[in-house]
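Reading through the structure tokens given below for one structure.
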Amino acid sequence: MPELPEVETVRRYLQNHLPGKSIQKIEIFLPRLIKNATPQQFAAALENKKIKSVERRGKYLFLHMDGSQSLLIHLRMTGRLTYEEENSSVLPRFSRIIFQLTQGRMLYGDVRTLGCLWLIPSVGLTGVKGCDTLGPDGTSPNFTAVYLRQKLKNNTRTIKSFLLDQTNVAGLGNIYVDEALFAAQIIPLRRCNRIGNKTTVRLHDAIVRVLEEGIMYGGTTIRDFINGSGKEGKNQHNLCVYGREGRPCPVCGTEIVYIKVAGRGTHYCPQCQK
DNA sequence: CAGGCCCTGCTT
DNA sequence: AAGCAGGGCCTG
């Protein structure tokens with residue numbers, strides 16, 4: 001559920017608090033979350049290393065370390081990354097990994113344990129499948145209407161499945177895809193190559209707008225998302241279609257429809273979106 | 001391209 | 001007790 005705006009919200013908090021602090025000790029309660037190292041290797045590579053910066057590409061978070069190896073994290077559905085300035089004696093439910101820092105601690109929590117952590121080289125490609133093949137971030141200047149038009153032109157897939165594919169645009173997930181398609185007045189089932197120039201520009205603008213709005217409001221909390229300080233986002237109040245099936249379209253009042261597209265729950269207004 | 005898998009808490 | 005939530009990867 002964390003998509004670009006949620007991951008960016010977490011990143012900003014961590015970037016404000018972590019750089020300059022060192023990881024003293026790592027406690028791993030669920031080793032299988034670490035995908036390319038044993039818990040021993042993982043701890044050995046990161047303990048006593050200083051955190052230099054926290055960066056993001058798509059939905060991936062990078063903790064760049066002062067050392068040859070850094071940390072890559074994907075929160076998937078229910079992953080949470082929080083920083084506590086003062087060590088509390090209480091550990092939040094579903095805490096899976098504790099990063100004890102020189103001041104405070106960072107917790108990786110995950111109810112459904114689908115998240116992933118990797119050790120990666122501090123420079124160059126990550127070697128992590130999916131991460132090295134990301135398309136431009138939806139919020140990046142490299143993501144232009146011209147680029148989008150080029151990608152859509154000869155593609156026969158539905159626009160929803162296209163936008164969920166991170167090699168086309170990085171950072172969109174189920175919520176923001178539905179919201180962007182509503183804002184662009186495109187029905188999720190529309191074939192990419194049946195979207196014209198003018199509509200492509202509208203879609204590009206809509207994608208950028210919903211992502212930036214999501215960041216501005218600190219992410220969308222439907223059930224699980226919390227930011228780096230453990231608080232909920234506020235963007236759920238801005239949603240027009242996601243999770244609103246059966247309720248009136250905010251523009252025309254028609255009932256929002258729920259269908260499955262590309263295996264995902266999909267929400268749209270049958271009146272506004274064509 | 002569709003469907004299964006992972007995984008657990010919450011809803012029906 | 002079954003169904004649902006879905007990101008990313010894998011298989012048929």
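The figures here come from the full heavy-atom set of this structure, side chains too, leaving out hydrogens, waters and symmetry mates. Labels below follow one simple rule: chain letters A, B, ... track the order of the sequence lines, proteins then strands, and each chain is numbered from 1.
The number of heavy-atom neighbours closer than 6.0 Å to NZ of A/Lys151, taken from other residues, nucleotides and ligands shown, is above 12.
Using a 4.0 Å heavy-atom criterion, one finds that A/Thr167 contacts no nucleic acid atom at all.
With the end axes of the helix from B/dC1-C/dG12 to B/dT12-C/dA1 each set by five pairs, the angle from one to the other reads 60° at 10° resolution.
Look at A/Arg12 and A/Glu8 and you find a salt bridge, because one of the NZ, NE, NH1 or NH2 atoms lies within 4.0 Å of a carboxylate O, short of that distance. Salt-bridge check for A/Lys160 with A/Asp178: passed, with a basic side-chain N closer than 4.0 Å to an acidic carboxylate O.
Between the CG atom in A/Asn168 and the CG atom in A/Leu148 there is a gap of 8.5 Å [rounded to 0.5 Å]. Between A/Glu84 atom CD and A/Arg105 atom CZ the span is 4.5 Å, to the nearest 0.5 Å.
Note: A/His267 and A/Tyr258 have perpendicular aromatic rings, judged against thresholds of 30 and 60 degrees for the angle between ring planes. Aromatic ring pairs are classed by plane angle as parallel below 30°, tilted from 30° to 60° and perpendicular above 60°; the pair A/His74 and A/Tyr60 is perpendicular.
Here the shortest heavy-atom pairing between A/Arg96 and A/Asp110 reads NE-O, 2.7 Å.
Nucleotides of DNA chain B nearest to A/Thr158 and A/Thr113 differ in position, and the one nearer the 5' end is that of A/Thr158.
Running 5' to 3' along DNA chain B, contacts with non-hydrogen atoms of chain A at under 4.0 Å begin and end at B/dC1 to B/dG9.
A donor-acceptor pair under 3.5 Å is formed between the side chain of A/Thr102 and the backbone N or O of A/Ser22.
Two rings, from A/Phe143 and A/His204, have their centers less than 6.0 Å apart.
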Nucleotide by nucleotide, 5' to 3', does protein get under 4.0 Å of the base (B), only the sugar-phosphate (S), or neither (-) in nucleotides 3-12 of chain C, counting heavy atoms?
--BBBBSS--
